[in-house]
Amino acid sequence: MGKIAFLFPGQGAQTVGMGRRLAESLPAARRLYDRASELLGYDLAKLCFEGPAEILDSTIYSQPALFVTSLAALEMLRSQSPDVVLSCEAAAGLSLGEYTAMVFAGVMEFEDGLLVVQKRGTAMQEAADATASGMVTIIGLERVQVEALCHQTRNGEVLEIANYLAPGVIVVSGDNAACLRAAELAPSMGAMKATPLPVAGAFHTHIMKPADERCAAALAGLPMKKPRLPVIFNVDACEHHDPEEIRQLMVRQIINPVRWEDSMRYLLAQGFDQFYEVGPQRQLRSLLKRIDRKVECQSVEC
């Protein structure tokens, strides 16, 4: 067995039907959905299993849904391959997935994490509703080229790099008009593709400033412990162990870019050679293969 790290997906990985098989076959997974429904005040399991997609895709609902479903997938892995879970030595999560990673690492309890995620999703949705904004994935340009693209198309509006996902895969985020200009200009700068994303707004930019203030308030009184294993954080692609420092990182994450590629390179440099994507879809596995084609990454089916 190699050196194992778990990866937890973020918003965008949700899909109608996720978690149904887990809840039907595994009592521990079913209990997570039942407890979440009690805390949230609505039937989360039904929303995950049956949709409709337009509600599940809303930031308010997709974030708790992914958080719980990824932890249900973790319970499936724990039941089928307990040695893998016991042998895991690090974790990382993409944006929202960072909360899932922290629950796995013992930084916060499930109930506390779920309620913060609910508040986070609501705050981000409301910040998005206040400004017409969005995100665009740019394929085929290097970081410096995407920075130049933002500079040329910003025109006094917000347009920032939101996600450094993998070599040649970078997401920009900002006002809708600026995003449209970036998508139109990107091919002329050598981009293979520039695809607007079906999201509510400009996540991981200063448009989310009202949300980071509300997240700070939600996290302020939350009991947090030192991680029992390293968690690699989005903001700086480093591991942190002090709960108060982690609390500040989670606030900063709302308006700062996700340094996912750097996070994966950090783990690879630490000798990690076996990865598990714990949650819906296989997006993180695909990104990891762009970073290192030889590395092994297994998906835990939801």
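In what follows, every heavy atom counts, from backbone to side chain, and hydrogens, waters and symmetry copies are set aside. Position 1 is the first residue of the sequence, and the numbers go up from there.
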Partner residues of E244 under the salt bridge (Lys or Arg N to Asp or Glu O under 4.0 Å) criterion, sequence neighbours left out: R247
Nearest heavy atoms of T205 and G174, plus distance in Å: CG2-N, 4.5 Å
Pair E75 + R31, salt bridge at N-O below 4.0 Å: no
Main-chain N/O of C88 paired with K3 side-chain donor or acceptor, under 3.5 Å: no
Backbone N/O of L44 and side chain of S37: donor-acceptor pair under 3.5 Å: yes
Q281 and P9, any side-chain heavy atoms less than 4.5 Å apart: no
Flag, side chain of H204 to backbone of I161, donor-acceptor distance under 3.5 Å: no
Sub-4.5 Å side-chain heavy-atom contact between Q118 and L115: yes
Taking every non-hydrogen atom, the tightest pair across D292 and K294: OD1-N, 3.0 Å
Any side-chain heavy-atom pair of E261 and M264 under 4.5 Å: no
Point-to-point distance, once rounded to the nearest 0.5 Å, from OH of Y266 to SG of C238: 6.0 Å
Side-chain heavy atoms of S95 within contact of R120, under 4.5 Å: yes
Minimum-distance pair of heavy atoms, taken over all atoms of K225 and P243: C-CG, 3.6 Å
K226 NZ: over 12 foreign heavy atoms closer than 6.0 Å: no
More than 12 heavy atoms of other groups within 6.0 Å of R143 CZ: yes
Atom pair CD (Q125) and OG1 (T59), whose distance is rounded to the nearest 0.5 Å: 4.5 Å
Side-chain donor/acceptor of R285 to backbone N/O of Q298, under 3.5 Å: no
Distance-minimising heavy-atom pair for A13 and P280: O-CB, 3.4 Å
pair L229-E89: side-chain heavy atoms closer than 4.5 Å: no
Any donor-acceptor N/O pair, T122 side chain to K119 backbone, under 3.5 Å: no
Any donor-acceptor pair under 3.5 Å from D112 side chain to M108 backbone: no
Nearest-0.5 Å distance that lies between atom CD1 in I232 and atom CG in L7: 10.5 Å
Check: S263 side chain, N234 main-chain N or O, donor-acceptor pair, under 3.5 Å: no
Separation between CZ of R35 and CD of E111, rounded to the nearest 0.5 Å: 5.0 Å
Any T69 side-chain heavy atom under 4.5 Å of C48 side chain: yes
Intermediate values then yes/no, side-chain hydrogen bond (donor to acceptor under 3.5 Å, both in side chains), Y61 and Q14: CA-CA 10 Å; Y61 297 105; Q14 71 275 359; over 6 Å; no
Side-chain heavy-atom pair C179, L159 within 4.5 angstrom cut-off: yes
Side-chain donor-acceptor pair present, S62, Q11, cut-off under 3.5 Å: yes
Gap separating the CD atom of E277 from the OG atom of S286, nearest 0.5 angstrom: 7.5 Å
Nearest-0.5 Å distance that lies between atom OG1 in T100 and atom CE in M102: 9.0 Å
Closest non-hydrogen atom pair, V136 against A194: CG1-C, 4.0 Å
Side-chain touch F6/V85, heavy atoms, less than 4.5 angstrom: yes
cation_pi(R259, F233) dist<6.0 Å, angle<=45: no
Aromatic ring pairing F8/F104, orientation class (parallel under 30°, perpendicular over 60°, tilted between): tilted
Shortest non-hydrogen contact between G10 and L96, atoms and distance: CA-CB, 4.3 Å
